[in-house]
Amino acid sequence: MTLNSLADSPIVAFTILLTVIFTVPPIFERLRLPGLVGLLVAGVVLGQNGLKLLNSESETINLLSDIGKIYLMFVAGLEIDLEQFRKTKNRSIGFGILTFLVPLIAGIAVGRLFNFSWNTSVLIGSLLASHTLLAYPIVSRLGVVTNEAVTVTIGATIFTDTGALLVLAICVGIHGGQFSALSLAILLGGLAIYSAVVLFGFDWAGKEFFRRSGDEQSNQFLFILLALFLASVGAQVIGIEKIVGAFLAGLAVNDVLGRSPVKEKIEFIGSVLFIPCFFVDMGLLIDIPAFIRTLSSVWLTVVIVLALIGSKFIAAFLAKLLYRYNTAELLTMWSLSLPQVAATLAAALVAYQTVNPAGERLINEGVLNSVIVLMLVTAILGPIITARFASSLQLSQTDFETDSLTTWWESNETQLLEEKQYPFTVVVPIYNPKTQRYLIEMAALLANHESGRIVPLAITRAHIHMDDPQLVIALDQSQQRLSLAREISQEFDVEVSPANRIDDDIALAISRTSREQNASLIVMGWSQTTGLRARLFGNVIDSVFWSSHCPVAVTRLLSSPKTIQRILVPVGDLTRQTIGALRFAQILADVNQAEVVLLHVCDRKSPPNRVERFVSQLSDIASKSQLQVNTNIQTIRGDDVARVVIREAQTFDLAVLRSVRYRTAGGLAVSEVTTQMIQELKCSIVLLGEPNS
């Protein structure tokens with residue numbers, strides 16, 4: 001079989017794509033380059049200018065790339081943090097207008113400089129106007145997301161992406177020919193009506209469907225996919241590009257999904273399959289020999305890159321003057337708004353594939369290549385600058401006053417009456433008799449310290465017939481586990497209220513029981529469902545984190561909690577979740593007369609005064625506890641947070657971690673520090689999750 005015939009086989013092409021997606025991004029990430037750069041390079045190598053194993057004209061590549069393109073824009077809409085946008089709405093709109101208009105004008109100037117038509121020049125300007133929050137995981141890791149400059153930049157994304165896509169829709173319509181003021185008015189009117197239908201109609205329909213479907217995640221997943229493709233098809237019906245519909249659909253179902261397990265599954269499918277296929281297809285379109293031969297294209301690329309970098313800086317500088325930000329905030333806003341990935345690449349491909357009746361493309365190959373180079377440069381440059389300057393950002397004192405001192409079970413005065421009626425309650429789901437003792441001990445220690453009670457919970461899978469002999473046997477086994485739990489609890493002189501429940505869904509049974517018992521905390525064992533199966537179908541931990549009304553402590557205990565003498569708490573920021581982990585550790589330490597060490601791994605380039613201020617604030621928070629616990633703070637400079645924590649944890653009995661997930665706005669998952677620590681830590685672990693996380 002020849003190479004050409006191999007490239008024409010859909011199964012072979014799909015197999016090659018899967019191989020590339022599986023192997024190439026990890027290699028490039030080891031080289032400290034974005035994985036999507038590797039996908040583009042793979043496309044160049046495997047395309048018509050390389051090994052000719054993949055053909056961008058084949059139906060398989062076209063289908064997967066088209067799905068990837070709309071999926072990319074859908075996830076871009078889905079990842080926009082509407083809560084952050086609402087907090088600083090006015091300033092986000094202000095910066096959004098600046099960082100949209102200045103690059104738009106710069107792009108138009110570049111287009112006219114290189115003798116492109118006005119329509120093409122405006123389109124080039126719109127390509128520069130959007131931005132992708134590629135460096136969001138960096139500001140999350142540094143704990144500066146609540147800084148106003150960062151929040152404003154995140155909120156501005158909704159304005160820049162929406163504006164860029166609307167300009168794209170108009171430019172594509174004009175390029176189609178027979179354009180007039182009337183046709184523009186019809187296009188804009190249709191777009192406005194369509195946008196309102198999608199944004200409000202899909203939001204209402206989604207909330208109604210999710211309310212009626214309860215916990216049927218498979219149907220909810222299909223509903224969201226259907227919404228995505230309906231919006232894309234609807235956009236084409238009214239004569240606008242389908243990625244506009246996909247982006248609007250992402251915004252529409254944003255509130256519906258929240259941070260639910262369904263959202264994670266939607267993003268997972270896109271980030272591991274369809275979106276990478278889109279980037280590989282972009283690589284297939286790159287003609288490096290032609291690009292090098294055409295000197296004007298090289299100059300066009302240089303000018304476009306410089307125009308983007310300069311115009312984004314000017315926009316950030318104007319925001320600095322307008323809102324009185326400092327230099328670190330200026331540079332962070334600039335670097336966060338630099339990367340041009342999601343909307344830019346998708347819109348560029350659409351413009352390149354748009355051909356008018358005369359056979360002319362909206363943008364030529366030179367502009368497409370320039371945009372790809374722009375993406376590569378900004379995807380690398382933006383995160384580097386963010387990592388350098390975001391570490392210098394300061395959080396206002398109000399952030400700590402409103403966030404840091406709120407703890408899970410420290411009630412304010414208005415809750416004292418309720419607390420008397422409902423004592424501190426720990427729900428403990430039990431299943432495995434081998435690990436049951438340590439779970440009950442942990443719950444009993446916490447409940448005893450807070451003068452509360454524990455609710456051992458045994459869950460039996462439901463059967464169609466309630467008199468099924470297997471159900472009777474399972475109920476007897478549950479009663480035996482509850483009896484053992486009662487015996488263990490008596491050793492700690494704590495009130496016990498066993499509960500036996502029949503339910504179809506383990507996770508919801510835990511969440512519902514904890515709500516019925518007005519639980520203050522859920523303590524549960526480690527789930528064995530991990531990896532691909534867990535990401536596709538979810539596991540009990542994820543579902544309980546999402547559906548519970550109270551905090552959840554997932555434990556992997558290697559020895560009795562009574563023997564714990566040294567507790568390590570990695571601290572990356574001063575959010576409510578971090579303080580919850582600190583308070584949890586202090587309560588457990590108070591029971592055992594143990595030591596708590598707060599480990600802060602700071603960036604090597606962090607200014608000493610910022611590290612000192614962070615340690616001072618952390619020390620104040622630790623000392624505000626009414627417990628007389630030996631709490632020490634240790635700071636270590638290092639680039640690999642997980643590796644430092646794993647090394648330092650070797651002399652500790654327990655590590656208290658937070659459940660944190662990071663994602664880029666393009667839907668591409670990045671490595672989780674928490675996951676690596678869980679896999680490699682040799683001591684006992686408690687993983688704390690907030691309600692609805």
Item to check | Chi angles and distances behind the side chain to side chain contact (heavy atoms under 4.5 Å, CB included) call for V303, F114 | outcome: CA-CA 10 Å; V303 174; F114 284 85; 3.9 Å; yes

Checklist outcome for this item: In this structure, NE2 of H175 is separated from SG of C171 (nearest 0.5 Å) by 10.5 Å

Next on the checklist: Checking the side chain of N254 only, and the main-chain atoms of G77 only, is there a donor and an acceptor separated by less than 3.5 Å?
Outcome noted: yes

Item to check | Atom of V272, atom of I21 and distance for their closest heavy-atom approach | outcome: O-CG2, 3.3 Å

Checklist entry - Is it true that atom CD1 of I11 has more than 12 heavy atoms of other residues, nucleotides or ligands lying nearer than 6.0 Å? => result no

Next on the checklist: On a heavy-atom basis, which atom in I238 and which in G190 lie closest, and how many Å separate them?
Outcome noted: CD1-O, 3.8 Å

Item to check | Test item: L228 and S232 side chains (from C-beta on) under 4.5 Å apart, heavy atoms | outcome: yes

Item to check | Working for side chain to side chain contact (heavy atoms under 4.5 Å, CB included), residues V256 and D203 | outcome: CA-CA 7 Å; V256 177; D203 179 60; 3.7 Å; yes

Checklist entry - F116 and S121: which non-hydrogen atoms are nearest, and at how many Å? => result O-OG, 3.6 Å

Item to check | Residue pair Y325 / L330, side-chain heavy-atom distance below 4.5 Å | outcome: no

Checklist entry - Hey, is the main chain of L362 close enough, under 3.5 Å, to the side chain of T120 for a donor-acceptor pair? => result yes

Next on the checklist: Working to the nearest 0.5 angstrom, can you tell me the gap between H131 NE2 and K312 NZ?
Outcome noted: 6.0 Å

Next on the checklist: Can you tell me how far apart CE (M333) and OG1 (T99) are? Round to the nearest 0.5 Å.
Outcome noted: 8.0 Å

Checklist entry - Hey, is the main chain of V233 close enough, under 3.5 Å, to the side chain of Q236 for a donor-acceptor pair? => result no

Checklist entry - F202 versus L248: any side-chain heavy-atom pair under 4.5 Å? => result no

Item to check | Residue pair L39, M282: steps toward the side chain to side chain contact (heavy atoms under 4.5 Å, CB included) verdict | outcome: CA-CA 9 Å; L39 295 173; M282 291 294 292; over 6 Å; no

Checklist outcome for this item: Here the gap from L168 atom CG to L123 atom CG, rounded to the nearest 0.5 Å, amounts to 6.0 Å

Checklist entry - Hey, does T162 have a side-chain heavy atom less than 4.5 Å from the side chain of L251? => result yes

Item to check | Listed once per pair and sorted, the ring-ring contact (aromatic ring centres under 6.0 Å, His included) pairs that draw on residues 221-254, sequence neighbours left out | outcome: F209-F223

Would you list the atom pairs, donor with acceptor, under 3.5 Å between side chains in residues 338-355 and any protein atom, with sequence neighbours excluded?
residue	atom	partner	partner atom	Å
Q340	OE1	T344	OG1	3.0
Q340	NE2	S130	O	2.8
Q340	NE2	L338	O	3.0
T344	OG1	L127	O	3.2
T344	OG1	S130	OG	3.2
T354	OG1	V350	O	2.7

Next on the checklist: Do W118 and R112 have side chains that approach each other closer than 4.5 Å (heavy atoms only, starting at C-beta)?
Outcome noted: yes

Checklist outcome for this item: Residues at least two apart in sequence or cross-chain that pass side-chain contact (heavy atoms from CB on, under 4.5 Å) with V24, listed by chain then number, are V20, F28, A42

Checklist entry - Do the non-hydrogen side-chain atoms of T301 and N369 ever get within less than 4.5 Å of each other? => result no

Item to check | Where G43 and L284 come nearest, the two heavy atoms and their spacing | outcome: O-CD2, 3.1 Å

Next on the checklist: Is there a side chain to side chain contact (heavy atoms under 4.5 Å, CB included) between V198 and L230? Walk through the geometry before answering.
Outcome noted: CA-CA 10 Å; V198 172; L230 274 178; over 6 Å; no

Next on the checklist: Main chain of W334, side chain of S337: is a donor-acceptor contact present, judged purely on distance under 3.5 Å?
Outcome noted: yes

Checklist entry - At their closest point, which heavy atom of I380 faces which heavy atom of I384, and how far apart are they? => result O-CG1, 3.2 Å

Item to check | Flag side-chain contact, heavy atom, 4.5 Å: N55 against I61 | outcome: no

Next on the checklist: Quick check for you: to the nearest 0.5 Å, what is the distance between I67 atom CD1 and K242 atom NZ?
Outcome noted: 10.5 Å

Next on the checklist: In the structure I gave you, are the side-chain heavy atoms of S126 and V122 within less than 4.5 Å of one another anywhere?
Outcome noted: no

Next on the checklist: Would you call the rings of F159 and F100 parallel, tilted or perpendicular, taking 30° and 60° as the class edges?
Outcome noted: perpendicular

Checklist outcome for this item: Between A319 and L98, the two heavy atoms sitting closest are N-CD1, 3.8 Å

Checklist entry - Out of curiosity, T60 OG1 to I16 CD1, how far, rounded to the nearest 0.5 Å? => result 10.5 Å

Checklist entry - Between Y71 and F74, what is the ring plane arrangement, given parallel below 30°, perpendicular above 60°, and tilted in between? => result perpendicular

